[in-house]
Every structure is written in structure tokens, then in C-alpha cells.
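Below is one structure; the comments refer to it alone.
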Amino acid sequence: MRSIIEYLKEIFNGVLSLLRGMRVTAGYFFRPSEIVTQKYPNNRKDLVMFERFKGEVVMPHNESNEHKCTGCGICEINCPNGTIEVISKTIVTEDGKKKRAIDRHIYRLGMCTFCALCVKTCPSNALAFSQKFEHAVFDRASLIKQLNKPGSQLMKGVE
Amino acid sequence: MEEKVEIIATDEKQEFIVNMGPQHPSTHGVLRLVVSLQGETVKNIQPHIGYIHRGIEKMCESITYPQIIHLTDRMDYLSAHQNNESVCLLVEKALEVDIPDRIKVIRTIMSELSRLQSHQLFWATFGMDLGGQTCYFYGLRDREMILDIFEETTGGRMIVSYNCPGGLMYDIHPNFQKRVKDFIKYFRKKLPEYDTILTGNVIFRERTSGIGPLTLQDAISYGITGPSARASGLSCDVRKHEPYSAYDKVKFNEVLFSEGDTYHRYMARNDEMRQSMNTIEQLIDNIPEGPYAVKMKPVIKLPEGEYFQRVETARGELGLFVISDGNKNPYRVKFRSPNFVNLGVLNHLAKGFKIADLIAIAGSLDFVIPDMDR
Amino acid sequence: MRFDFIASYVSAFTGPWWKFLYDFSLLTTPVHEWLNGSVSPFWTTVIEMVVVGVVFLLFYAVVGLFLVYAERKVCAFIQNRLGPNRIGPYGIFQTIADLVKLLFKEIIPIKNADSLLFNIAPYIVIIVNFMALAAIPYANGLHAIDFNIGIFYILAVSSMSVVGVLLAGWSSNSKYSLIGAMRSGAQIVSYELSIGLALITIVILSGTMQLSEIVEAQRTGWFIFKGHIPAIIAFIIYVISSTAEINRGPFDMAEAESELTAGYHTEYSGIKFAFFYLAEYINMFIVASIAATMFLGGWMPFHIGNLEGFNMVMDFIPPFIWYIGKTFFIIWIIMLFKWTFPRLRIDQLLTLEWKYLLPINLVNILVMSFLVLKGWHF
Amino acid sequence: MSNEWLVLFFILGAIFVGLVPVFSGIVAPKSFNPQKNDPYECGVPTEGITWLQFNVGYYLFAILFLIFDVETVLVFPWAVVMKEVGMTAFVEIVIFFFILGLGLLYAWKKHALIWE
Amino acid sequence: MDNKQLEDFIKSIDQDLEVRIGKQFTEVIVPPAKLYSLARQLRENEEAQFDFMFNLSGVDYGHDLGVVYHLRSTVHNHSIVLKTRTSDRENPQIDSLAGIWETANLHEREVYDLLGIRFTNHPDLRRLFLDSSWGFPLRKDYVDDINIVTK
């Protein structure tokens with residue numbers, strides 16, 4: 001007799017636990033307001049990434065096409081996997097001194113692991129992360145980018 | 001003409017061998033299990049790993065200590081923060097750097113958040129392994145909030161790279177405390193739902209209790225750590241035994257069970273989520289003021305010698321063993337990754353159970369394959 | 001002759017034009033008589049067959065596609081997602097797009113597979129489906145075949161689908177499929193019993209196996225209310241075991257995607273895979289309509305005792321809507337099962353059947369027959 | 001409508017599933033690749049032979065199913081006439097179910113209901 | 001036992017063993033021939049009870065190949081490090097400890113795979129990550145012109 005009561009109790013508790021679970025899921029079914037999906041490509045316009053989001057490394061330029069990169073190559077040394085290549089040249093400044101300056105700052109997005117060591121160690125804060133996150137391209141070659149814009153110059157006052 | 005092959009065997013010695021993985025929905029990555037079956041019963045399991053072996057240990061030998069951090073992110077991607085912490089703690093210990101309290105507290109909060117999101121993902125995938133697909137979405141929905149917290153402060157969602165030798169990469173974001181508190185409030189409401197859907201469910205109970213029991217002796221012998229071992233009663237929480245960061249300042253319980261079956265491995269993680277929330281709540285309101293990083297030398301060189309640092313990741317004890325020859329690159333780095341060690345016990349646990357149980361057992365050990373392969 | 005037809009036509013439509021919605025024989029009988037009068041009986045049958053055939057094919061396709069869409073939407077809402085929302089408003093054309101895509105997919109033959117059985121398996125599954133659909137009363141007078149052993153026939157036919165599943169799994173030459181087939185064999189065979197016994201409980205109450213009569217007998221009240229406790233128990237058992245019978249979660253042992261990737265239809269590609277997929281949903285529709293017919297009064301509206309006004313309003317809703325509404329309610333419940341519960345293990349599945357459902361069912365039948373004898377039902 | 005209509009539904013199903021793959025075969029692309037026709041086994045070649053004898057613990061369930069399915073078939077006609085025959089029918093079915101229940105209990109106690 | 005007591009304890013087992021107290025652990029340098037018996041005693045001795053092997057790493061010391069064992073006792077909560085090394089680079093052989101600690105099984109396979117140290121009496125010594133076409137990449141003299149690019 002006792003075993004029969006146990007048996008019925010087991011069934012009752014089992015069904016009860018199942019019904020509790022169903023109440024949760026059915027509850028969500030009737031509360032579409034809790035849907036969390038983003039309609040991604042449609043909300044592209046008002047999709048704002050966090051300001052610290054590590055999208056890709058960029059070199060900010062100001063309006064007069066000036067950047068802060070002195071071409072010291074610290075970012076290249078700090079990069080763990082050879083993402084960055086700094087090609088520098090020697091220029092002659094106005095007061096006649098020879099000075100090292102950047103020719104091309106090559107950044108290979110396909111190799112970048114977003115460890116932020118380059119941005120962090122840059123002595124003149126020349127590098128930054130952009131919020132761009134759609135990196136897919138059809139051609140791998142276009143993942144190799146030159147960060148300094150053509151014709152750009154070192155900002156005044158940055159050593 | 002295709003050659004005729006014998007396709008129906010009557011030989012009884014033939015084994016029914018099924019490859020589970022590398023492309024299988026429940027191996028959580030590219031783990032390959034060669035399972036020999038007797039009917040539905042598992043006779044033997046041969047794990048094959050190495051599909052994503054990247055040679056992280058070899059790579060570490062040619063890069064500097066701050067650069068190692070970005071590799072540790074990619075081992076156990078669910079405990080990225082704790083992995084980073086292990087390197088930082090080791091370097092700081094070796095150089096005898098004094099770390100301000102602010103850094104310690106932030107590190108503790110971040111690693112508890114990290115553990116929380118890892119356990120959420122465990123809950124989600126474990127439910128899915130057992131066939132309850134909705135769990136997956138609920139788990140990920142709540143995990144998303146932690147990832148947002150990470151992203152706001154560190155700029156990365158999973159690959160956080162937030163630690164660096166001597167402190168942190170950046171200071172916490174101004175919204176950090178508010179967001180964490182909001183999340184705790186939200187998750188305290190959602191966690192009972194987890195229990196209703198899965199823990200209390202009679203089918204779930206039947207599927208997991210008594211399945212794949214791991215005794216204390218076996219857990220010790222196989223070197224199991226983390227929640228999987230604590231479910232068997234092995235007290236192995238590094239946070240208690242060798243407190244690092246701010247763990248000596250917070251109160252939390254080490255979740256211990258004695259049964260060691262799949263259900264208790266699940267429960268250990270489930271309870272740890274509550275413990276993590278308690279820990280975070282204790283710290284979040286009293287983050288001390290101070291710098292977020294200590295000024296380190298530009299080139300970090302460890303004194304010659306051998307160093308060992310343990311941290312408690314979400315899956316168990318991560319040991320970092322470094323031999324330094326005084327250069328800026330380590331001479332030898334060995335990661336004692338919890339998943340790699342936990343894999344060894346799979347055959348022992350699942351033998352004699354059914355295929356469906358194998359999935360449950362493998363799920364309850366909570367494998368992250370890149371951590372195995374390194 | 002022509003005049004006779006017109007007379008009967010006129011008499012049929014003396015009421016409002018939508019009157020046939022409430023009694024489909026008002027539409028079918030005149031058409032039948034007109035055909036009989038204008039052409040020979042042979043051609044009458046041929047024409048009617050073609051018409052019914054086309055209607056059923058359309059119905060089959062529409063129900064199948066709609067259920068796939070509904071499942072995706074329902075599970076999406078349960079899981080806090082949006083579900084398909086790109087093709088058409090609210091994504092309603094998503095399944096049609098999927099069907100077209102599957103149609104244009106290559107059918108891959110499997111090395112060393114038993115090609116005859118491999119190809120024949122989807123046929124069996126689909127044909128069985130069609131034959132079961134034939135005997136369901138959709139509305140007042142909308143009934144392709146009205147057997148006097150209707151419920152028995154549906155049981156017999158629908159249990160044949162296990163043959164298709166077994167063949168599919170066995171012939172694929174894949175280990176996952178084989179395990180899936182073995183599981184589904186044991187599973188469907190077992191749950192056949194519970195379905196039968198649960199339906200017997202209702203047959204005792206109704207005293208007939210003819211589906212139209214069973215529906216008619218529920219004019220005064222649905223059987224789930226008439227037979228109160230034993231009928232409710234039988235209903236629960238029926239829903240559980242029919243979920244198992246159609247291989248749906250939490251009883252989807254044969255597919256078990258986390259264990260067997262896709263179970264018995266792992267190796268099927270393109271449109272053949274679509275057949276299995278479609279058959280699964282039509283099966284769901286069939287078991288739900290049987291549940292609606294046997295327990296929830298088929299197309300009968302919901303009446304409460306002597307509340308004339310309420311009953312009038314209920315009567316105003318066409319029977320077909322009632323039938324579809326009830327069926328979809330059951331389908332919704334079955335979907336909720338799948339998206340809430342974890343999967344059982346094969347031995348637990350059999351334990352559930354043999355140690356729980358079967359004994360309860362046997363006792364339930366006795367209780368029901370006792371109630372009927374004593375007249376303790378409503 | 002008469003029962004011969006079943007033939008229609010049989011033919012209908014056959015035509016439906018017969019024609020659609022033919023259509024699909026015409027419009028679908030074809031390409032050859034030696035790995036493509038392999039049975040799926042998670043991306044590695046199948047080890048050993050698929051069709052070999054293995055124990056699925058079917059037998060007892062098949063026997064039990066046979067017993068109970070025959071019983072279902074027997075009970076269906078009984079259920080139809082149960083109301084008219086009355087008490088006699090009830091007593092008979094009680095006896096019948098009692099014997100059947102004993103059989104189930106026997107199988108239960110003998111652990112025949114456990115899938116190996 | 002603290003580090004000093006451990007040193008005395010090891011000395012009591014075998015006088016010839018070289019014991020060093022390092023920054024964190026007591027380190028014992030064992031010749032491969034004595035490794036198995038020492039490990040067995042450490043595991044079974046009531047006072048020591050090193051039942052938990054939490055790390056095993058193979059090291060290439062340049063001329064020697066070595067293995068470092070990190071042991072802990074879950075009972076007494078003390079740790080010890082065993083180190084062994086062999087100068088045979090062609091066919092290095094070290095006793096397997098998989099019979100004492102099950103966890104050594106996978107660890108030793110890993111060391112075999114990456115450093116090529118053969119563990120005698122190992123139950124299942126196969127390559128773990130890589131296939132047989134690879135050399136032993138964690139050795140310092142491993143050359144791979146294609147996959148390893150040095151700056």
C-alpha cells in the first residue's frame with residue numbers, strides 16, 4: 001500500500017514539476033515585450049558601440065590632416081604577432097635638423113588580436129581604437145591598411 | 001565500377017564504433033570521441049584532441065610577458081579574465097610588486113563576473129545537451145548583460161585582455177558599478193527560473209542523478225579540480241586555499257557535495273553562481289580609490305628561477321608554470337589547464353552508461369576545447 | 001434534369017450564402033447530385049476524386065508549411081526571440097522560401113546505402129500521413145471518408161509510419177541513423193499501446209468508433225467534461241503518448257540532435273529530407289486533430305448548460321474554426337513540451353510507458369467503464 | 001463517401017512524393033566529390049562496418065508489445081458494446097485486466113521492463 | 001609539513017637525493033632510475049601522502065630533457081616538486097607515473113608528444129595533439145621554417 005502511495009506521489013510531483021516549467025516558458029510566450037533580439041542589419045544606423053570597443057586600430061587625424069605618430073616603432077615592438085609595421089623615413093625639419101618621421105604605418109587587420117598593447121604603449125597617443133565592427137571583405141589584401149593618411153604630417157608640438 | 005565490399009557483418013567480434021566529433025553538436029567544439037558501443041551502452045571512449053592545437057606554450061617562449069596575456073585569453077575563452085590574471089599574478093609575485101587594493105578588488109569582481117558568465121553558458125549548453133533547447137537562449141540572454149559590462153569596461157566581450165602586469169589596462173568605466181548592480185538585481189530574479197526549468201524538472205533529475213558518479217579517490221587520482229571535483233567532495237578551491245587578489249577579504253562558501261554524479265556537478269556550478277553574486281555584492285560598493293595600474297618597467301624581465309601560480313578559473317585550477325632564464329622572454333611556459341586534466345576522467349566516468357549519459361557527463365564536465373589543446 | 005439541380009441548388013441556398021460554413025453537406029450534396037445527373041456515375045467519381053485530391057494536396061501542403069512556420073514562431077517567442085521575420089510580413093513566407101530552396105538542393109546518394117529502401121522510406125511516411133488525414137472530420141459534413149471503425153483505422157494507419165522511420169534509419173548506412181532507427185522502433189511500438197488504451201477510454205463513453213458519431217455525441221458536452229476524471233487522465237496520457245508517437249521532444253529519441261546529430265534522417269538531403277520534416281508536422285496535426293475530435297468535441301462549439309445567449313454566440317463561430325482552434329491549441333501544447341523539457345533517455349522512455357502510463361491506463365479504463373455503467377457521467 | 005476512396009489517398013500520396021523528387025532531380029544541381037557520398041560520421045571516415053549484429057534489448061519489449069497490442073484490439077470491440085451489455089461486460093473486463101495486470105507485474109518483477 | 005620538514009623527510013627516505021628549498025616549493029632532484037620508487041613512497045607514506053598531482057611538465061634544458069612534477073597532498077596540504085632529467089636526447093626514457101596518479105596518463109602523453117620523452121610502462125603512449133609527421137616542437141632545437149616566423 002505504501003509503495004502505491006509513493007508511486008502516486010512520484011507521479012504527482014513529477015507532473016507538477018513539469019507544469020511549473022511549462023508555466024515559465026508559456027509565460028515568456030505571452031510576453032513578447034521581453035524579446036531581446038536585435039534586428040541587426042536594420043538597426044545599423046542607430047547601433048552605437050561602447051566607446052572602448054576594440055574595433056580596429058586607427059590613427060586619428062585632425063582637420064588639417066595631422067597625426068601624432070612620430071614613427072618611433074614602439075607599437076611595432078610591442079605587437080605580439082607582427083600586425084604593425086612602421087616604415088619610417090628621414091625628413092629635414094624647418095630648422096634644418098634631420099629627423100625620423102613616419103612614411104607608412106602598416107596595420108594588418110587580419111592578424112590583429114586586439115590586445116590593445118600598441119594603443120596603450122604608444123608614447124604620443126597616436127593610435128586609438130575605432131568602433132567599426134563590420135570587417136568582412138571579399139579580398140584579403142584589403143585587410144592590410146595604411147593608418148597614416150596620404151600627405152599627412154606630424155602634429156605640432158608632438159615629439 | 002565500384003568494388004563490392006562486405007557491408008553486413010555477422011562476426012560478433014566486430015565492434016560498433018561511433019565517432020562523436022569533431023563535427024558533433026554536443027562536443028562543444030572540435031573534440032573527437034571514438035566511442036565503442038554495445039547496443040546503446042558505452043564500452044570504451046577514446047578522446048582525440050589537438051584539432052585546434054596552436055602551440056601556445058611554444059609561442060610564449062618567443063614573446064614577452066605582457067604579450068603572453070593576449071594568448072591566455074584564447075585558451076579558455078570563457079575564463080579569459082582569470083587566465084590573464086594568472087600571468088599577471090605570476091609576474092607581480094616574481095618581481096615582488098605591491099599591488100594597490102583597487103586593482104585587487106576590480107580584478108576580483110571581474111573574475112567573479114567571468115565565472116558567472118561561464119557558469120551561465122554552462123547552464124545553457126548543459127540544458128541544450130540534454131535536449132532542452134530553450135535553456136540555451138535563456139542562459140545566453142542573461143550572459144549578454146555580463147558581456148555588455150565587459151565590453152563597456154574592457155572593449156572586448158570574451159577576449160577581454162583587461163589585466164596587464166602591474167594592474168589593469170584601463171580604469172573601470174563610470175557606469176561599471178551601476179551596471180553590475182543592475183545585473184545582480186536582474187539575475188537574482190532570473191535564477192529561480194533556471195531552477196524551475198531545469199533543476200526541479202523531473203526529467204532532468206532522472207537524466208542526471210546517479211549518472212557518472214566520481215568518487216573522491218578517483219577525483220584526486222585523476223587530478224580533477226573545479227566544480228567537478230567539489231561535487232565529489234574534494235576541497236580544491238584556490239580562492240580559499242591560496243587566496244589571491246581580494247579573495248581573502250570576501251566571505252563566500254566553497255560549494256561542496258559528496259555524491260559526485262552529474263546532477264551534483266551541475267548543482268555545484270549552479271550554487272557557485274549564487275556565491276559569485278554574493279562576492280560581487282560585497283565588493284562592488286567599496287572599490288577603494290587609487291591608481292588602476294602600477295608603473296612597471298617598460299621591459300619586464302623575471303629573475304632567473306621557476307615560478308608557479310595557481311588561479312581558480314570557472315572550470316578548475318589553472319596552473320601557470322614558468323621557468324625564466326632572466327630574459328624578457330620566458331624559457332618555458334606550461335599551462336596546467338583544468339579542461340585538459342578533466343578530460344582524462346571521461347572514459348572512467350562514462351563507461352557502462354548509455355550514449356545519452358555520455359553526453360550528459362561530458363556536458364557536466366564543462367569542456368572548453370581550446371583550453372585542452374592550447 | 002437541369003431543372004432539378006437548380007431547384008435543389010436554390011433550396012440549398014435559401015439561407016444566407018455562408019450557410020454552408022455551418023453544414024458542408026449543403027455544399028457537397030447538391031454538387032454530387034448535379035454531377036450524378038449530368039455525367040455517368042464513373043465520371044462523377046473521377047471528377048470528385050480529382051477535386052478532393054487537389055483540395056487535400058493543397059490542404060496538406062498548407063498545413064505542413066504553416067506548422068513549420070508556427071513552430072519556429074512559437075519556439076522563438078518562448079525563447080525571447082523574434083523568429084523568422086524577413087520574408088513577407090512577420091516572415092510568413094519563410095517556409096515557402098525554405099521549401100523552394102530544398103527543392104533546388106541536390107539529392108545526395110549515400111555510399112553503400114540500400115538504395116531501394118533508402119528511397120522508399122519517405123514514400124511510406126508520406127502516404128501513411130495522407131491516408132490518416134482522410135478519416136478526420138474537419139467540420140460538419142467535411143469528411144472525406146467516414147468509417148464505422150474510424151478511430152481504429154487512424155490508429156492502424158498512423159502506426160505504419162514507424163516502418164518508414166525504421167527503413168530510413170537502417171538503409172542509410174550511417175551509425176547515427178541506425179541507432180536512431182532502433183530507438184524509434186522500440187519507442188513507437190511501446191507508445192502505440194498507450195494511445196490505443198487512452199482512446200478506448202473514450203470509446204467506452206461514446207459507444208462507437210465512428211468519428212462522425214463521436215463528434216455528434218459531444219453536442220451536449222465535450223467528452224473531456226462528460227467523462228470528467230477518467231477522461232482528463234486519458235487526455236493527459238493521450239497527449240503524452242502521442243507526443244512520443246510522433247517523435248517529438250521531449251521524446252525525440254530517434255532524432256536526438258545532441259546525441260545522434262539528426263537520427264534516422266541524418267543522411268537525407270534536399271527534398272527527401274523535407275518529406276520527413278513535413279511528415280513530422282503533419283503527424284503532429286493528425287494526433288492533435290484526433291485529440292480534438294475525441295476529447296474536445298471536434299468541430300462542436302463550446303456550450304455551457306442553459307446559457308442560451310452564450311451558446312448562440314458560440315454557435316455563430318463556424319465549426320471549421322472550432323476544429324482548427326482546438327487542434328492548434330493541442331499543437332501549441334505539444335510545441336510547448338518540446339521547447340520546455342529536456343529529452344528523456346531511451347530506457348526512461350520505456351519505463352515511463354510500461355511502468356507508469358500502461359498501468360494507469362488499464363485502471364483508468366476500468367474506472368471509466370464503471371462510471372459509464374453507473375451513469376455517473378454528465 | 002465510400003471506403004474505396006482510400007485508394008485515392010494512397011495514389012495521391014504516391015503521386016505527390018513521386019513527382020516532387022523527380023522535379024527536384026531535374027532542377028537541382030549535381031556535382032561530384034568522392035567525400036560527398038560518405039555517410040555522416042562527424043567528419044571522419046566510418047570506422048568498421050555499420051550493419052553488424054548488436055544487442056538492442058528489443059526482444060522482451062517486442063513480446064510484451066505483442067501481448068498488449070492484441071489486448072488493445074480485443075478491447076476495442078468490447079468498448080463499443082460495453083454500454084449495451086452492461087455489468088457482465090464489466091466483470092469480464094475486470095477479470096481480463098486482472099490476468100493482464102498479473103502478466104505485467106510478472107514482467108516488472110522479472111526486470112523485463114529495463115532496457116539494456 | 002613545511003618546506004624544511006619536507007626536506008628532512010626526503011633526506012630520511014634517501015640520503016643521496018638533492019633537495020633545494022625554492023621560492024615556493026621544496027624541490028627534489030631525482031635521477032630517473034629512482035623516480036618511480038620515490039614517487040610511490042611519497043604517495044603512500046602516511047606522513048607525506050602526496051595524492052594529488054597538479055602539474056607535470058616536460059622541460060628542455062638545452063642539453064638535458066627533464067620532467068617536473070608538482071605534487072600536493074589534499075590531506076596535509078603541502079606541496080613538493082620533483083625534478084628529473086636525462087641527458088639522452090635521442091631516446092630519452094623516464095618511468096611513467098600513470099600507475100600512481102591517473103592524471104599522469106594524459107600529461108605524459110602530452111610531454112611525449114611535444115618533447116619526445118618516452119615514458120616506460122605507460123599504458124597508452126601515443127601522440128596526443130600532433131600526428132607522427134611532426135617532430136617534437138617544444139624542444140629548443142626544433143626547426144620549422146614554415147610555421148615558426150621569428151622577428
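Proteins get letters first, then strands, A, B, ... in listed order; numbering begins at 1 in each. None of these values were measured; they are calculated from a predicted model.
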What do you reckon, are the aromatic ring centroids of A:F29 and C:W339 less than 6.0 Å apart?
no
If you compare all heavy atoms of C:N364 against all heavy atoms of C:A234, which two are closest, and at what distance to 0.1 Å?
ND2-N, 3.5 Å
Residue by residue, scan residues 81-90 of chain C and write down, ordered by number, those that have a heavy-atom distance under 4.5 Å to chain A; if none do, write 'none'.
C:R81, C:L82, C:N85, C:R86
Taking everything shown except A:K145 itself, do over 12 heavy atoms lie less than 6.0 Å from its NZ?
yes
I need the full list of side chain to side chain donor-acceptor pair (under 3.5 Å) pairs touching residues 11-22 of chain A, with sequence neighbours left out, sorted by first then second residue.
none
Looking just at side-chain N and O atoms, do C:S241 and C:S194 make a donor-acceptor pair shorter than 3.5 Å?
no
How about C:Y238 and C:F295: are their ring centres within less than 6.0 Å of each other?
yes
Where do C:R248 and C:K338 come nearest, in terms of heavy atoms and distance?
NH2-CD, 3.4 Å
Contacting region of C:P342 [heavy-atom separation from chain A under 4.5 Å]:
neither
Would you mind reporting whether A:C115 and A:K120 have side-chain heavy atoms less than 4.5 Å apart?
no
Which atom of A:A126 lies closest to which atom of A:P60, heavy atoms considered:
O-CD, 3.0 Å
Sorted by number, residues from residues 64-72 of chain C in contact with chain A (heavy atoms, under 4.5 Å):
none
Using a distance-only test with no angle check, is there a side-chain donor-acceptor pair under 3.5 angstrom linking A:E10 and C:Y356?
yes
Crowding at CG, A:L47 (>12 non-hydrogen neighbours, <6.0 Å):
yes
Which members of residues 279-292 of chain C, sorted by number, sit under 4.5 angstrom from chain A on a heavy-atom basis?
none
Max heavy-atom pair count under 4.5 Å with chain C, selected residue of A:I11, A:N42, A:L18
A:L18
Given the side-chain rings of C:W322 and C:F328, with only the six-membered ring counted for Trp, is the space between their centroids under 6.0 Å?
no
Do the non-hydrogen side-chain atoms of A:E85 and A:R104 ever get within less than 4.5 Å of each other?
no
Side-chain heavy-atom pair A:L127, A:C75 within 4.5 angstrom cut-off
yes
